[in-house]
Amino acid sequence: MADQGNTTEPILYCYKLDSISSGGVWNEKPLHNFAIPVLLWQLVLTVMVSRGMAFLLKPLRQPRVVAEILSGIVLGPAVLGKIVIHEAGVPVSLGEVLYPPASHRLLESMGLIGLLYYLFIVGMEFDLQIFERLRENVIAIAAANMALPFIVTLLATNVMHLQPPEHVYYLAQVVFIGSAITVTSFTVLVRVLAELKILNSELGQLVMPSAILSDLMAWVLLAATVVFPVSTGSNRDIAPTKLAFLWISFSGIAFTAACWLVIRPAMCWILRRTPEGEPVDDVYISVIATGVLAAGIISDVIGFHAVYGAFVYGLVVPRGPLTIGLRNRLEDFVVGLLMPIFLATCGFKADLSLLRTEDEKGAAVISTLSLIIVLSFVVKLGSSMAIAQYNSMPASESLSLGLLMNTKGPIDMIILNIGKHKRIFDVRTYTVLILGSIFTMAVVTPSVAILNKTLRIRVAHKRRNLQRCRPDMELRMVACVYNARNVPSVISLLQMSNPTKRSPIFVYALHLLEPTGRASAMLIVHEIGQSQGQRQVVSNPSGGAMQSEQIIATFESYEQHAGGVSVQPVTAISPYSTMHEDIFNIAEERHSTLIIVPFHKQLSVAGDFEDINPSIRNVNRSVLANAPCSVGILVDRGLSGGGRFSVSQFVEHHVAVLFFGGPDDREALAYSWRMAEHPSVNLTVVRFLPGEEAPVPPSPALSCASGEHAAMTVVEDDSMQRQLDDECVNEFRLRYVSDESVMYTEKVVNNASEAVAAIRAMNSIHSMYVVGRGQGRESSPLLAGLTEWSEYPELGAIGDMLVSADFGAQVSVLVMQQHLGDDAGGFVELMAAAESPKLQVPRYFDNVNHRSRPGGFSDGWSAI
């Protein structure tokens, strides 16, 4: 028997055209003799095994493509083929029973159909405009990652004397091996980056265009190998006729031109006939989807592989409702069912038994290919790191860049399958290259995850809360929105914050979306954002693309008309359970001082609160629990004036700050400091002080020495907090002593009931209350009992009372939580350093002398 690893002789199987349907289990013939039951159980078994492998490999952070290829190896001759069963007393391989050799062609055809539609979807979302904005380092990375591995492949095959199969040109083998090894699969890469929460980072924005450009180079090489002859004329099955490459080239150019000059205008005509905001008619969707098969047929007839036609056909589809409609109809079926079949057939054709090294020739092939795979990996890693280091990237990010450029996926599987189909690879070579791709993919994702987790150091910038920022400093803010209804209230808050050239505000408008679980849909809004001013977008499902465009357009319009505001829209996609990590990553990377998140309930048309999504509340709670900077929860109850905003006609706002003391209340006062500078904002600060009849908080038990020390610590901390409160309030009062639009009052109350009554008695002209969440004042006698009845603990006792239906007035509320650092109390020192010595806080401010009588307010600044 000839060596299976090097045979080029085809194996022929005979089909019985009448053996289609079995007629049931009662038929005398076994089911595996009939095409329909065999195909159906192969589809079910392949998908089930691939999903099971994906579940098992998920803790190891392996991409799903690894599981799908491994499932094919398990179901192939390497594992399932080794299991022997007895049928009618005859030993038969279980692999031949479940996957009869005569059924392989039908299963591969199903996988090829899935591949056609997959590449059509990839082509739809391939943004050619990205090449108009390529930076030099992106071009350098992509070129180095393509050229250097090719050089390694050429040298290694020459030094190790790796010979191609008979009648195959040596250069053709080098090109196919080099293309499969050097390609970077951006469709898998985008999912890896999104799962690791680094797609929005500078690393993600650098590696994505590099991978796309690398993919495009691989497609050009692949097309070249199809056009030019790969074999001598001795093998008529794979050897083209004389000058055939010229006819193939002209045909390919004509096909591409026809797609751009005929098909694309027809699709644009369909979009013009579709009313704005309406989906494309199903008839057009069906016709275009059927065109994928026609493009594949034409591409195959003219001499190219069918996948080339599907990819070019997808490139010409215009963006908008057409791509959304096609993706919604095709993607789940293609990615969920057909692509696992294709990738499983890739693994199915690998034979691990050929990796035995008894014969010298087989051992030489395996060692040469293994050396090429390892050296190419190292060369891609080293070249990417060198270019990144030259561009002053940190060492950890440079290493991550090199690893990510080694990401493999369906593209290299396509190249290997074409090479095997053209008999450029024998089974042994194909098996080694398949295993090399699997090992490479298996290394990349967990390595980058570990590197990202262990080497990523949170930059401890000093201004993590507003209390440490001067009013004339730039305020960096992450403003989160869950839907378009959150945008007007966020913009109104920005307007009230008085952005000017002297005290600018840099806003990262973060649109948070839930994923659809489909990798290819992650690119669409990323591309839209980048084409509109290099906007950074993490990812976005197809259903939220139009909403993201609307949100981005609204923020960009506000930025153009407002002064002192710089807005950078960002769209992030992740499950609600990890959505807060996207917020933290952006806040840390951009050194933000404040995170604004909308309340999980919104005002309905009837004036009641309606719960938009219960999961949003959990996101807000996670943000409050672990935020790297201060957080504000914005409860919108008409702040934007019915969802409309106007920069030129700013509505006058009356804002009230309720100050009970503690770090959160000081943060609320610090934010209102910016509002007080706005000419159309009237600010009232009400400080609540305990009266003589207020109960004294119980002291901790002094049962032992440690208990006595703890009690002293609590007393000292309360004293320090009161001192910080006094200094913060006095600095604020002194700053605005002559400002008629700012009013300060003090209210003496003895318990929570009097505090609630005083708040209810306040003037109803206020459009927004700014309050602290209340951390650090849990033992305050003025709030005793309020937390027991809180419906929304994330708002704190006062915030919960203000948004409750029993409060009466419907006003917007901003609840502030201060990020507590080691030196969070440095507000007065920082502010005093920015002011002249005449404005430094005098020590003669005695709060007792400025308290009003119980039950009444002081009249503005008359107490001073």
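No hydrogens, no waters, no symmetry mates; every other heavy atom, side chains included, goes into these values.
Using modelled atom types, no side-chain atom of Ser299 and backbone atom of Ala295 make a donor-acceptor pair closer than 3.5 Å. The backbone N or O of Gly402 lies less than 3.5 Å from a partner atom in the side chain of Asn406, making a donor-acceptor pair. Side-chain N or O atoms of Lys408 include one that pairs as donor or acceptor with a backbone N or O of Val183 at under 3.5 Å. A donor-acceptor pair under 3.5 Å is formed between the side chain of Arg428 and the backbone N or O of Leu354. Distance alone, capped at 3.5 Å, places no donor-acceptor pair between the Tyr313 side chain and the Leu293 backbone. Checked by atom type and distance alone, the side chain of Ser93 pairs as donor or acceptor with a backbone atom of Gly81 at under 3.5 Å. A donor-acceptor pair is defined here as one N or O able to donate and one able to accept, closer than 3.5 Å; no such pair exists between the side chain of Glu68 and the backbone of Ser50. Of the possible donor and acceptor atoms, one in the side chain of Tyr430 sits under 3.5 Å from a partner among the backbone N and O of Cys346. No donor-acceptor distance shorter than 3.5 angstrom exists from the side chain of Ser384 to the backbone of Leu381, with no hydrogens or angles considered. Between the side chain of Thr184 and the main chain of Met405, a donor-acceptor pair closer than 3.5 Å is present.
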TODO: Given side chain to side chain donor-acceptor pair (under 3.5 Å), test Gln173 with Thr157 step by step and report yes or no.
DONE: CA-CA 10 Å; Gln173 184 190 46; Thr157 54; over 6 Å; no
Open item on the list: For a side-chain contact (heavy atoms from CB on, under 4.5 Å) check, start with the C-alpha distance between Leu399 and Leu451, then their side-chain angles and the critical distance, and finish with the verdict.
Closed with: CA-CA 9 Å; Leu399 181 57; Leu451 194 64; 3.8 Å; yes
Open item on the list: Would Asn145 and Ser214 count as a side chain to side chain donor-acceptor pair (under 3.5 Å) here? Give the steps.
Closed with: CA-CA 7 Å; Asn145 277 268; Ser214 174; over 6 Å; no
TODO: Dump the intermediate steps for side-chain contact (heavy atoms from CB on, under 4.5 Å) on Thr46 and Met110, then the final yes or no.
DONE: CA-CA 12 Å; Thr46 301; Met110 289 287 295; over 6 Å; no
TODO: Take Phe150 and Thr182 through the test side-chain contact (heavy atoms from CB on, under 4.5 Å) and record every step on the way to the result.
DONE: CA-CA 7 Å; Phe150 263 105; Thr182 58; 3.8 Å; yes
Task: Residue pair Thr445, Val66: steps toward the side-chain contact (heavy atoms from CB on, under 4.5 Å) verdict - done: CA-CA 11 Å; Thr445 306; Val66 173; over 6 Å; no
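Nearest heavy-atom pair, Lys380 versus Pro149, reported as atom, atom and distance to 0.1 Å: CG-CG, 3.5 Å. Considering all non-hydrogen atoms of both residues, Ile415 and Phe425 come closest at O-CE1, 4.4 Å. Looking at every heavy atom in both residues, Leu510 comes nearest to Ala572 through CD1-CB, 3.6 Å. Looking at every heavy atom in both residues, Pro410 comes nearest to Met339 through CB-CE, 4.0 Å. In terms of heavy-atom proximity, Leu513 sits nearest to Met579 at O-CE, 3.5 Å. Of all heavy-atom pairs between Gly409 and Met441, the closest is N-SD, 3.8 Å.
Contact annotation: the side chain of Ile73 approaches that of Ile438 to within less than 4.5 Å [non-hydrogen atoms, C-beta and beyond]. At least one side-chain heavy atom of Lys349 sits under 4.5 Å from a side-chain heavy atom of Asn417. A heavy-atom distance below 4.5 Å is found between the side chains of Leu326 and Phe120. By the 4.5 Å heavy-atom criterion applied to side chains, Phe186 and Ser210 are not counted as neighbours. Looking only at side-chain heavy atoms (C-beta outward), Ile373 and Leu435 stay at 4.5 Å or farther from each other. In this structure the side chain of Leu112 never reaches within 4.5 angstrom of the side chain of Phe342, judged on heavy atoms. Residues Leu70 and Leu57 are in side-chain contact: their nearest non-hydrogen atoms beyond the backbone lie under 4.5 Å apart. Side chains of Leu75 and Leu98 form no contact here, defined as non-hydrogen atoms less than 4.5 Å apart.
Summarising the geometry, atom CG belonging to Leu403 is positioned 11.0 Å from atom OG belonging to Ser398; distances are rounded to the nearest 0.5 Å. To the nearest 0.5 Å, the span separating OG on Ser185 from CD1 on Ile212 amounts to 11.0 Å. Distance check: Asn391 CG to Ile141 CD1 gives 7.0 Å after rounding to the nearest 0.5 Å. Residue Leu315 holds its CG atom at 10.5 Å from CG of Leu119, rounded to the nearest 0.5 Å. How far OG of Ser109 is from CG of Leu115: 12.0 Å, rounded to the nearest 0.5 Å. Rounded to the nearest 0.5 angstrom, Leu330 CG and Tyr117 OH are separated by 6.5 Å.
Side-chain contact annotation: Tyr99 with Thr345, donor-acceptor N/O pair under 3.5 Å absent.
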